[in-house]
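In this text the structure is predicted, and so the values were computed from the model without any measurement. Reminder, nothing fancy here: chain letters follow the sequence lines and each chain counts from 1.
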Amino acid sequence: MLCGMEIEDEFFAAMEARQAETGGAGEQELPPQVQQYLSVLNPEQYDAVVHEGSPLLILAGAGSGKTRVITTKIAYLIAARHVDPYSILAVTFTKKAANEMHERAVSLEPRAEHAQIRTFHSFGAWFLRTNAQAAGISPNFTVYDDDDMVTLLSKAVVGLTRKEAARFAHKISLAKDYCLLPDAPTLDDIESDPQFRAVYDAYQKRLRETGNVDFGDLIMLPTLVLRSNETIRRRMHQRFRVIMVDEYQDSNVAQFLFLQALSGIDEGSGTYVCVVGDDDQSIYKFRGAEVKNILNFRKIFPDTKLIRLERNYRSTAEILSVADNVVRNNEGRLGKTLSAERGSGKIPVLAFLPNQDEEAQFCADLIEKTHERGVPYMDWAILYRTNAQSLGFESEFLHRKIPYTVVGSLKFYEREEIKDVLAYLALLANPRDEIAFARVVNKPARGVGGSTQAKLIEAARLPDAGSGEQAYSLLESSRRLGPSLSKKAREGIAGFVEKMDEFTALISRTSADYDTGVEDKLSVLVEAISEKSGLLEYHTSQDEVQGTQRAQNMQELANSAVLYPCTREGLLEFLDHIELDRTLDLADEEANPDSVTLITLHNTKGLEFNRVIMTGMERGIFPRAEKSGSELEEERRLCYVGITRAKDELYLTSCAMRRMYGRTEYMEISPFLLELGAGAVKVIGHKPYGFRMDEDADSTALHGGDFGANGLSHPELSSDPLRAKYARGVRIYHDDYGYGMVTAGRTSDDGEYVITVQFESGGSKRFIPRYQEHALMVVKD
DNA sequence: AGTGCAACTCTTTTT
DNA sequence: GAGTTGCACT
């Protein structure tokens, strides 16, 4: 067996030999398409691509072309350095990023198809499936989500309220992000509650009994396996000769340890490691991400070469300047200055609005008006801090018939009917899955109540002495115990077991038929479950209206399974796919290619849009709650991320009032707005009292006469000239709605003059003239 | 066992 | 304000 040094020597020796074969060094000798894609790189990017021989840390500012660097590097290694694509691993954080990276790498170099380009978690899942036994889990495991964790925890530890269970579950996740087991001495740093250790331990034992894993396990378990199992470790070191990590600033401790173990750096494996990150874009501290990983990188990986990418090719100088003004308020950053390669553009706009309804209208107006001028909807992205904020925009856009796509909404997979079908599938995959079992054994109702379920689960957990150990199949347990139960429960269980057998047969039958070419799609199984389990009928009979929707959802789930074969492997792949990427995809079929993007700030990581509106720039919303110190800095980085998503145009909106918890609250502006920089943005709308930019407030002057901004701090005390201009009976013309007449004018609670206009086209509409001056004019007969 | 009503919480952010 | 949880009643 090779030892570490030998591997290293062999690797580089092979490289040298191949280089010699091709007639020595120098790009002149490279294939034309390689020269082609190298030639478009700037000097720093080029250095990063061709670098080898030591670990590499790339500090890549926003929009500096880091994806290009990674994908080019993959292509270059394969085409020019003759690295086996099979030995290349590139990990990202989101499926979207992984897909994009894969696509771009393959388009540069078709052989990149065979490289492993995955998310951290899907790589962990792959690792665990191939090394299930060493990890002490079932090779058929499915992944429990947060919800399942809470359910399992309340079973493992009796007497917890759901809330307590949720809190502990969260802490367990965090512990796993730091790769801490229940017996870790430093576990107290995560949670000081003396019960926690025992709770975590009980949970973990119970989870192992089910054969399943949770999200944290996908990273932690492989790390533990690598540490304790030399054979597997060696095998991995030989397999993966090149490892690249994207968005490295958001890696957590467990991921860092995973990388360390996988690379075999301590054992001189000679694996080439390259990580790419930006400390200014670290936004997942709350989930255990450690910016320290960037700093520590050079300690753990000696002789690390550092390359900075500071040329921004995405945004205009104006946008970058605002971004820099904000982020420079953070202490403890590595510090870098982006240069705007694109040059100058439009000045960003900061709009003060009365409330969230008008915020939504403001966005809709902007989008509609530009759309009339030929700007596609897909140019636009609405950014917000919390998912809940999407609602207001959704209803406004729906109303106005503006197509939109909400990114990252988990809603679909959280629907009851979907979770039900998935639970049947999960139980088919892993018959020890007690969460799935409990969910579906009595759904639809079969007369199997809570006590019967508990009995079956207990019997499976503690198989009787003679029957061999660990026969933890809940179906087995059901089969065996069934006859001894009361009539009702007995019949119910019998029916359930029968159905499950039927479904199982569907999988094996098609597996057997595989050779004959009669391979079914997995959608057949999903449909069969919906119909034959009685779920479809159960859900449709519940509510006439909702039932139809639910049936559609179930059908949609079946449709999405059409890409997978109806085999055991296909089933596992499908479940993995859903668990590890619950965000996008499914909407693909119905997605309108030209639509506005509604997205949380966190979800924008790695994305870019031509025109960005950052909404809800209010203290308490963004930054959230009372954040201070390092947490406030993280919020500020999030703000930086949002701003730097914009290529051409940036808007920020802030509301004076907002409905929260059903109550209307007066909002203070976000402190970040004061940092944008005097004169760096154009302010429109009603400037709040005391609003002053950093430094020279006067130069933020309100030139936006179009919008009628007046900067008065107490509008309710001033007589509004617009009141006379748009008095009752005045004929007007509105850009969007045409001719009409003011039928009413009144002052709202917040001192705004509001008019109601009856349009000739039939509709009537209410406006605040002060915000409509750009679109509204008085018509003289 | 299943339905209906009242009280309660919730707003971070995600793989 | 909405969605969910828990309790009581049928």
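Nucleotides C:dT4 and B:dT13 have their P atoms positioned 15 Å apart, rounded to a whole Å. Taking the C1' atom of each, C:dG6 and B:dT11 are spaced 22 Å apart, rounded to whole Å.
Taking atom CZ on A:Arg659 and atom C1' on B:dC10, their separation rounds to 16 Å, with Å as the unit. C:dG3 atom C1' lies 16 Å from atom NZ of A:Lys163, rounded to whole Å. Atom-to-atom, CD of A:Glu247 to C1' of B:dT14 comes out at 13 Å; the value is rounded to the nearest Å. Taking atom CG of residue A:Leu391 and atom P of nucleotide B:dT11, one finds them 14 Å apart after rounding to whole Å. Residue A:Asp147 contributes atom CG, which lies 15 Å from atom C1' of B:dT15 at whole-angstrom precision. Rounding to whole angstrom units, CD of residue A:Gln389 and C1' of B:dC10 are separated by 14 Å. Distance CG (A:Leu601) to P (B:dT11): 18 Å, rounded to an integer number of Å. In this structure, A:Tyr538 atom OH and B:dG2 atom P are separated by 8 Å, rounded to whole Å.
Here B:dT15 is the nucleotide among B:dT11, B:dT15, B:dT13 with the atom lying nearest to any side-chain atom of A:His121. Considering only side-chain atoms of A:Ala445, the nucleotide from B:dT15, B:dG2, B:dT13 that sits closest is B:dG2. Side-chain proximity of A:His602 to B:dT15, B:dG2, B:dT13: nearest is B:dT13.
The residue from A:Glu665, A:Glu358, A:Glu618 that alone fulfils the salt bridge (charged side-chain N to carboxylate O under 4.0 Å, His left out) condition with A:Arg658 is A:Glu618.
The backbone N or O of A:Ser282 lies less than 3.5 Å from a partner atom in the side chain of A:Arg637, making a donor-acceptor pair. A donor-acceptor contact shorter than 3.5 Å is absent between the side chain of A:Thr604 and the backbone of A:Leu607.
A:Asn293 and A:Ser251 share a side-chain donor-acceptor pair at under 3.5 Å.
Looking at heavy-atom distances under 4.0 Å, A:Phe286 makes contact with a base. Across all strands, A:Tyr284 comes closer than 4.0 Å only to sugar-phosphate atoms, never to a base (heavy-atom distances).
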